[in-house]
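Take a look at the structure set out below.
Counting starts at 1 for both ligands and their atoms, in listed order. Quick note: numbers below take in every heavy atom, side chains included, and nothing from hydrogens, waters or symmetry partners.
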Amino acid sequence: MNKIMHIYKQLKEMYGDQKDWWPGETAFHIAIGAILTQNTTWTSAYKALQNLIAEGLDTPQALYHANIENIKPLIKPAGFMNQKARYLKNLASFTCEQLACCIRNLRKHPQPRETLLSIKGIGKETADSILLYALNMPFFVVDAYTRRIFSRLGIIYKKTPYDEIAHMFTSNIPQDVELYKEYHALIVEHAKQRCKKKSPLCEGCLLKDLCPLQTTEGHRKQNI
Ligand code: SF4
């Protein structure tokens, strides 16, 4: 078994199944959530999403026709409300004007990722989150947690480019959407529960044998 798959197995052993990790009743809810969670916690993004749902502004058509000023207060819990309201409008305009108001139609597009990346406000992590979790397409999501854990494990550098990291995963594990979803969810869980930004809890971590930074001494020496 290669190292990337071995790490997956160890994470699974530590945290178990993460099924339905990204909640959302519709594909568009997941896409909205991917924008709202930029630079904030999922808890804050979720509150904002619930406000949009409560006001009926959770469909492409509704957001497309909504006055941007009415969107802003609803998404305030997620922060950056001016910017994110504009991004949500951009996503809704794209969905209604190019996908007949159904984001799932992006699956038929010859270049779905490039198309999403052409929308202002959608970067690589957001695009891949939409493709993987909303559209069930095999794109691997790389986030700050991925960088933290895999750089500590000595597999990447903190500044390794996004696409290089994604390729490292996709070339070492089977192309399986459920596996991609589960792996990313386990990475997030590990970063939150154990491989924390400051003072990681290495005792009991099943990746300890692989990790050059497993001891407190090691952390101090390497200044992480
Ligand atoms: S041993 Fe510590 S630093 Fe290494 S992956 Fe586990 S929690 Fe993170």
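Residue contacts with ligand 1 do not include Lys196, since none of its heavy atoms lies under 4.0 Å from the ligand.
Of all the heavy atoms of Cys211, the ones lying under 4.0 Å from any atom of ligand 1 belong exclusively to the side chain.
Listed by chain and residue number, Trp21, Trp22 satisfy the ring pair (Phe, Tyr, Trp, His ring centres under 6.0 Å) test with Tyr133 (two or more places apart in sequence, or in another chain). Residues passing the side-chain hydrogen bond (donor to acceptor under 3.5 Å, both in side chains) test with Ser129: none are found, sequence neighbours excluded.
Among Glu203, Met14, His190, the residue whose heavy atom lies closest to atom 5 (S) of ligand 1 is His190. For atom 8 (Fe) of ligand 1, the nearest non-hydrogen atom from the set Cys195, Cys202, Pro200 comes from Cys195.
In terms of modelled atom types and a separation under 3.5 Å, the side chain of Arg194 and the main chain of Glu203 share a donor-acceptor contact.
No side-chain heavy atom of Phe140 sits under 4.5 Å from any side-chain heavy atom of Asp128.
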